[in-house]
K.L.:
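The structure that follows is given in the form of structure tokens.
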Amino acid sequence: MADFERRSNGPRGGGGVRKKRYRDDDDFDRRPQRRRYEEPLVVKVRRQLLTIAESAARRPEDDAKSIAKTVAEHYDDEEIKKTFIDLTLDLIVEQPLKIPFLATIALVANGYKPELVAELLKETGENLQRYIDLGGWREVKLLLRFLGCLQSIFEGEGVFAILEELFARAVDLQTTSSEDLLGLELVKVILFTIPYIMASSVTGFEPQASALLEKTDIIASTPHTLVDLVNPFAIKNSSEQTVESVIGLLQRQLQDESTRGWELTCIPRPWKVMQEETAADEPAPAGPGPKYSFPDIKVPSPVPNGPRALFPEVYLSVYANQEMETVPPTSDISSSLLRDALVDTINILDYNRIAAAKFLIDVDCYFSHNIFVKRATPFDKLRDIAGDRSTWKPEDVAVDAVFSQLFQLPTPHHKLVYHHSVLTECCKIAPAAIAPSLGRAIRFLYGSLETIDLDLGHRFLDWFAHHLSNFGFTWKWSEWIGDLDLPEVHPKMAFIIGALDKEIRLSFAQRIRGTLPDPYHHLITEGKEKDTPDFKYASDATPYSKEGKEIMQLIRKKAIDEEIQPLIDAIEEQAKSLGVEDPMLPSTDAFVTSICFVGSKSLSHVLSCIERNKERLLAIGPKSASARRQIITSTMEYWADQPGIAINIIDKLLNYTILTPLSVIEWALIDNLAAGTILAKTHIYEMVSATVGKVTNRLRQIVAARTQPGLYEPQLSVLNETLTREQADMRSLFKLIEDTIISVASGSNDGMMERGDSSGTLPEDEVIRQWGQRWLRTFRRKAAVEESFIAEAMATAAPIGTMAPAVSEDPSASTTTMTDAPDAPADGDLDVADVDGTL
Amino acid sequence: MVLQREATIDRLDRPSAYYVGKNKKRRYNSDRDDADRQDDPTSSLKNATTLYVGNLSFYTTEEQIHELFAKCGEIKRLVMGLDRFHKTPCGFCFVEYYNHQDALDCLKYIGGTKLDERIIRTDLDPGFEEGRQYGRGKSGGQVRDEYREEYDPGRGGYGRAYEEQRKREEEDYGKGR
């Protein structure tokens, strides 16, 4: 068959492609049907395996049995066997929700063709070994989960033996350093494996589980020093205890579960159905099949860690404290098990957000059926659910998992926008089910604005505006009307102002005004609807208006710099005669405001204006630090109504090195601190954190260059010098932030003291103090994360003085690797100016 | 951390079928030798940092595009697609990032979502060249806007070819009266 030959280059779709000339005949439909095309067996197995448990309409047990039997019967068909084994292994690490079902197939197959299962176990073991050697602990966890579900076909201790070995490594790591995080990761792997063993078809392992739990307790329950750093809530209520880590919580839940006979209600048990049914009608030829010794795995000591930096994790739910329980409470182990499986799914499938969303929507297919209410059950209807039946909403559990990642501190696995896109897809797939869940999540987050971490508050704002932009900007703004009376510095009011600004940036003012109830309209000022803000020098009342206008005309005409100079001189002369301390301030103002005005048409326009006047702009800073900050003032003032454009321009000016990161921070937190009120402005946080991000990114590039393999003297010393210098710069940047904000956080800021009745007890003062505390916390964390990144990377870097091997077989080899690295030129002079930002 | 062969789920960060198809065709039409023909049409995209962005409204601004696309990484350059004759936006642009990975992330996270309330299309592009910012349609815009039968208020109403025809008919009708 022609189709058959073609199959090899398209394993996914497989055959089924008929030649066109045959199809033409088929149009005549009264003719007897041609013999139906039958898909090759391997394609069928592949399809069944890929879609196992995906549909609520099919019983996964039936598919499991059919796959197991087919593959066992065709054990001699290499292609079928290879497809089955390869695909099972891929599915384990790519679609972890299916693991219990994949294991069930193996269990059934063991009764028909033990050789097949032996081969599968061998290859699983090889994969496990490879991931252990790479430090891929998520994959190790998933492969162990698969093996844990198969505990009944292992001889002796089975999976427990390797769990014990991993635990021994964790103990080593923990005793070496009290700050160790890798050991905690190993404990996490152990703890998340135990429930799947205990929910498997095996019995009699309770003592082993309890013994292991007793040992992990000391590691899992001791709070790590960094756990406060990743707490999503910055301001603690006095009633709250210290925050519990994910493994601390899981340890407690497992201990509870061990006293309740390992109920583990949420884990599906497809093997049980199979056992009952096969026992009843057609027992497998080999019974449950033979047992195997556990694959031989060597756990290196010490164990390595993968590329991702580890941090403690805490459990966050946006559905905590509702009047009806829509997600498992933290007292129930289901909260951790569901979250873990969904979070892995989300983080693994970032390459296909639609598939990720589909899994989330179908979450109820992959766990015990009775733990959820029917999909899309309205919140209000949950009250009518009788007795002790579950009120957990699958969509709430799914959405909760996405938010837990969006709000992961210090940073999620993937870009924030990935999580936005998953939520968007969820909403597209099941709008009626998801939209109300998102609504309740938004209300929870909005209600938490006063206490939530500053960075997370900003992530919420960014997601909220972006999400609405995908759904016609519809939101029930009416429910927040009461908050419009709050002062502008209140976190809720700051959120509303910030969110509307972000919406406008993605759309335009008039459109957003149309989506708002009347009481909000005053927030969309006339200025926001203006495409081109007024040029202040157009008014003769503005000082230096004559020169300002002329400078603007010259810039518009693309005049050469020499023509502008006399006007700059004229302004500075006048300023001097008026007794202005720094005459460069008014001249810079006129120059930069003119650039903004002439370039107001679009980002490209302003950038080409900047490009043409680059030399003059670059010369300002070295002459006067305050004139450099005047560049920021002029830009921010010109675009006062559209701050998004201003901070974008400032970002580009940083790339041109016309501004320095330090000048941006000084401008915001010294010149314009305004008794701390500036800390409530969301675009200021955006600008400051983008500026800090530029510095830390650059430093990470330098670290990457410094730690690249095959680097020798003299480059090592050159790069090291750059690193030391820039690290010092970064530290002084963070120190400046710390020093300026600490006074606000403690309430001792001079400006604050002078405000109002100088008592420091105005109702707003407490709000501002809290802004200070939240800023402080966020930037202290950023500083700590960078320091630990550098320390960790440098721990394994080649020391200074390492010389190239004396005689190299190919002298060009080492130099090529260095010059080829695009982001890491080895000349020690990474130039941020090559980030030219030109359009 | 990937040890496997081929993902069990399709990836969204691949060049589109349109790109692959277009480049295949081109290769077959040229007189190059066979070795050249077997080249993967996507090899020029291996380190691509540029994206073609389509189905924009004519009214969408650079700032709006920047606001959305910067969510995937710092933007190096943004080139608006312009009507060849009028030099006005005609519904597409090129976004260039500093990093290849940012461009891939953009395909995964932003392609197929909305900007300015339209579903936008993103495709990996080998890189912007002068001249490509102009529409290739007969009347100066994009080809797809010549022959559109539906009314799209964000992209100049009906297809321009039809628009012309309708105008002519209307005028004739007026003269006839």
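Just so we're on the same page: letters track the sequence lines, and every chain starts at 1. Heavy atoms only: backbone and side chains are in, while hydrogens, waters and symmetry mates are out.
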K.L.:
The criterion is salt bridge (Lys or Arg N to Asp or Glu O under 4.0 Å); which residues satisfy it with A/Lys428, sequence neighbours excluded?
P.N.:
A/Glu425
K.L.:
Working to the nearest 0.5 angstrom, can you tell me the gap between A/Leu349 CG and B/Leu12 CG?
P.N.:
10.0 Å
K.L.:
To the nearest 0.5 Å, how far apart are CZ in B/Arg77 and CG in A/Leu607?
P.N.:
12.5 Å
K.L.:
Go through B/Glu74 and A/Asn655 one step at a time and tell me if the side chain to side chain donor-acceptor pair (under 3.5 Å) criterion holds.
P.N.:
CA-CA 11 Å; B/Glu74 191 172 348; A/Asn655 287 350; 2.6 Å; yes
K.L.:
Taking only residues two or more places apart in sequence or in another chain, which ones pass side-chain contact (heavy atoms from CB on, under 4.5 Å) with B/Thr61?
P.N.:
B/Glu63, B/Gln64
K.L.:
If I take atom OG1 from residue B/Thr8 and atom CZ from residue A/Arg46, how far apart are they, to the nearest 0.5 angstrom?
P.N.:
8.5 Å
K.L.:
By a 4.5 Å heavy-atom criterion (distance strictly below it), what part of A/Thr424 contacts chain B: side chain, backbone, both, or neither?
P.N.:
neither
K.L.:
Counting heavy-atom pairs under 4.5 Å to chain B, which of A/Phe471, A/Phe473, A/Phe508 comes out on top?
P.N.:
A/Phe473
K.L.:
Atom CG of B/Asp13 and atom CG of A/Asp350: how far apart are they, to the nearest 0.5 Å?
P.N.:
8.0 Å
K.L.:
Examine whether an atom of A/Arg308 lies under 4.5 Å from a heavy atom of chain B, and if so say whether it belongs to the side chain, the backbone or both; otherwise answer neither.
P.N.:
neither
K.L.:
Begin from the C-alpha positions of B/Glu67 and A/Asn648 and carry the test side-chain contact (heavy atoms from CB on, under 4.5 Å) through to its verdict.
P.N.:
CA-CA 9 Å; B/Glu67 179 69 23; A/Asn648 212 343; 6.0 Å; no
K.L.:
Quick one: list whatever passes salt bridge (Lys or Arg N to Asp or Glu O under 4.0 Å) with B/Arg84, sequence neighbours left out.
P.N.:
none
K.L.:
Mind checking which of residues 101-129 of chain B sit less than 4.5 Å from chain A, heavy atom to heavy atom?
P.N.:
B/Gln101, B/Asp102, B/Asp105, B/Leu107, B/Lys108, B/Tyr109, B/Ile110, B/Gly111, B/Gly112, B/Thr113, B/Lys114, B/Leu115, B/Asp116, B/Glu117, B/Ile119
K.L.:
Relative to chain B, which segment of A/His419 carries a heavy atom at a distance below 4.5 Å: side chain, backbone, both, or neither?
P.N.:
neither
K.L.:
From A/Gln95 CD over to B/Ile9 CD1, what is the distance, rounded to the nearest 0.5 angstrom?
P.N.:
4.0 Å
K.L.:
Please rank A/Leu416, A/Ile354, A/Asp462, A/Asn697 by heavy-atom pairs under 4.5 Å with chain B and give me the top one.
P.N.:
A/Asp462
K.L.:
Could you please spell out the steps behind the side-chain contact (heavy atoms from CB on, under 4.5 Å) verdict for B/Glu62 and A/Ser604?
P.N.:
CA-CA 8 Å; B/Glu62 277 180 47; A/Ser604 329; 2.4 Å; yes
K.L.:
Within a 6.0 Å radius of atom NZ on B/Lys87, are there more than 12 heavy atoms belonging to other residues, nucleotides or ligands?
P.N.:
yes
K.L.:
Rounded to the nearest 0.5 Å, how far does OH of A/Tyr351 lie from CZ of B/Arg14?
P.N.:
10.0 Å
K.L.:
Evaluate whether atom OH of B/Tyr18 has more than 12 neighbouring non-hydrogen atoms of other residues, nucleotides or ligands under 6.0 angstrom away.
P.N.:
no
